[in-house]
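In what follows, every chain begins at residue 1, and chains take the letters A, B, ... in the order their sequences are listed.
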2 protein chains.
Amino acid sequence: MNIDTVQFYKQLADETRLRSLVLMAIEGELCVCELTHALGVSQPKVSRHLAQLRENRLVRDRRAGQWIFYRINPELPGWAHAVLEATVKGVRHREPFKGDRKALATMPNRPDAACCA
Amino acid sequence: MNIDTVQFYKQLADETRLRSLVLMAIEGELCVCELTHALGVSQPKVSRHLAQLRENRLVRDRRAGQWIFYRINPELPGWAHAVLEATVKGVRHREPFKGDRKALATMPNRPDAACCA
DNA sequence: ACGAAATATACGTCATTTTATATATATGGA
DNA sequence: TCCATATATATAAAATGACGTATATTTCGT
């Protein structure tokens with residue numbers, strides 16, 4: 001797959017998008033409400049940033065009933081995957097990324113991506 | 001070394017800065033006039049972006065006579081180096097990065113970083 | 001000390017990006 | 001059909017970022 005390098009990095013250059021990407025890279029598919037809860041930001045804010053990630057093809061979405069699950073686009077070029085992997089390794093034990101996973105883990109009534117396929 | 005992740009990616013999210021970083025990652029130390037020539041942009045533009053990279057500690061500078069040589073900061077955290085390496089591997093054979101190296105190679109009166117130490 | 005070359009900074013302006021708030025759309029269940 | 005939940009979009013204001021042009025600073029050679 002092809003991708004503009006600067007545009008790719010512009011997507012990583014925002015806290016909301018970066019935290020969403022790191023969380024998806026670690027946890028796999030996540031729906032908007034899970035991301036909203038994990039990051040502790042407003043729903044429109046998450047939604048807008050996810051739309052931007054989708055437009056730039058960093059992520060893909062899938063509707064499952066009332067939920068829409070987002071995941072890292074598996075068709076990203078190899079170097080982009082490598083960049084994301086290196087980032088995750090480097091920052092996953094730092095804040096706010098660490099706290100995001102904790103908040104996600106304690107979320108009540110969490111929809112299960114696997115069961116809604 | 002410590003670095004803010006979003007701030008790091010903001011530095012990569014601009015064409016002039018990204019081209020400069022990729023060129024430095026491949027060629028090693030470069031002075032402002034070499035970057036100006038290679039990228040084909042104005043001197044103040046290059047200088048301003050290099051200053052920003054220095055302020056965010058992505059690069060270090062070294063004065064050698066009338067020239068100031070910039071290089072990737074070797075003290076960047078490992079994951080940041082990995083990100084840069086992956087990027088270089090992925091984009092070095094694409095434009096404009098490929099052309100930047102060609103323009104640098106054909107630059108007349110190029111100062112030699114090694115001889116000016 | 002003076003001029004030339006290399007580099008840095010200041011200023012005003014324009015374009016892009018992000019945000020909050022409000023509202024619209026879509027889905028599922030009663 | 002009606003309501004609740006999940007998600008998306010519109011709008012306008014605010015913040016941020018990049019740019020060209022002009023000028024300042026530093027260093028070297030004479």
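- Counting to the nearest Å, the P atom of dT27(D) and the CD atom of Q66(B) are 11 Å from each other.
- Protein atom CD1 of I68(B) is 10 Å distant from nucleotide atom C1' of dT25(D), rounded to whole Å.
- We find that CG of D61(A) is positioned 11 Å from P of dT7(D), with the value rounded to whole Å.
- Counting to the nearest Å, the P atom of dA6(C) and the CD atom of E34(B) are 11 Å from each other.
- Under the side-chain hydrogen bond (donor to acceptor under 3.5 Å, both in side chains) criterion, S20(A) pairs with no residue, sequence neighbours left out.
- As a whole-Å value, the separation of L50(A) CG from dT9(D) P is 11 Å.
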Give the table of side-chain donor-acceptor pairs shorter than 3.5 Å for residues 11-18 of chain A, with sequence neighbours excluded, one pair per line with atom names and distance.
from	atom 1	to	atom 2	distance (Å)
Q11(A)	OE1	R17(A)	NE	3.4
D14(A)	OD2	T16(A)	N	3.0
D14(A)	OD2	R17(A)	N	3.1
E15(A)	OE2	R19(A)	NH1	3.2
R17(A)	NE	Q11(A)	O	3.0
R17(A)	NH1	H49(A)	ND1	3.1
R17(A)	NH1	Q52(A)	OE1	3.3
R17(A)	NH2	K10(A)	O	3.0

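- Set against dT7(C), dT7(D), dT9(D), the side chain of C33(B) has dT7(C) as its closest nucleotide.
- Between the CG atom of L12(A) and the C1' atom of dT17(C) there is a distance of 16 Å, rounded to whole Å.
- The pair R101(A)-E27(A) fails the salt-bridge criterion, with no side-chain N (NZ, NE, NH1 or NH2) lying under 4.0 Å from an Asp/Glu carboxylate O.
- Applying the 4.0 Å criterion to OP1 and OP2 of dA6(D), one finds that Y70(A) has every side-chain N and O outside that range.
- In the displayed structure, R54(A) atom CZ is contacted under 6.0 Å by more than 12 heavy atoms of other residues, nucleotides or ligands.
- In this structure, H37(A) atom NE2 and dA6(D) atom C1' are separated by 15 Å, rounded to whole Å.
- Two residues are said to be in side-chain contact when any heavy atoms from C-beta on lie closer than 4.5 Å; F97(B) and R92(B) fail this criterion.
- Considering only side-chain N and O atoms, R63(B) lies under 4.0 angstrom from the phosphate OP1 or OP2 of dT27(D).
- Annotation: side chain of R60(A) is in contact with side chain of E75(A) (closest heavy-atom distance under 4.5 Å).
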Contacts under 3.5 Å, N or O only, protein and nucleotides 15-24 of chain D:
from	atom 1	to	atom 2	distance (Å)
dA18(D)	OP1	D14(B)	OD1	3.4
dA18(D)	OP1	R17(B)	NH2	3.1
dA18(D)	OP2	R17(B)	NH1	3.4
dC19(D)	OP1	K45(B)	NZ	2.8
dC19(D)	OP2	H49(B)	NE2	2.7
dC19(D)	N4	R48(B)	NH1	3.2
dG20(D)	O6	R48(B)	NH1	3.4

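- Using the six-membered ring where Trp is involved, W79(A) and Y9(A) have ring planes that are tilted, between 30° and 60° apart.
- As rounded to whole Å, 11 Å separates atom C1' of dT9(C) from atom CZ of R54(B).
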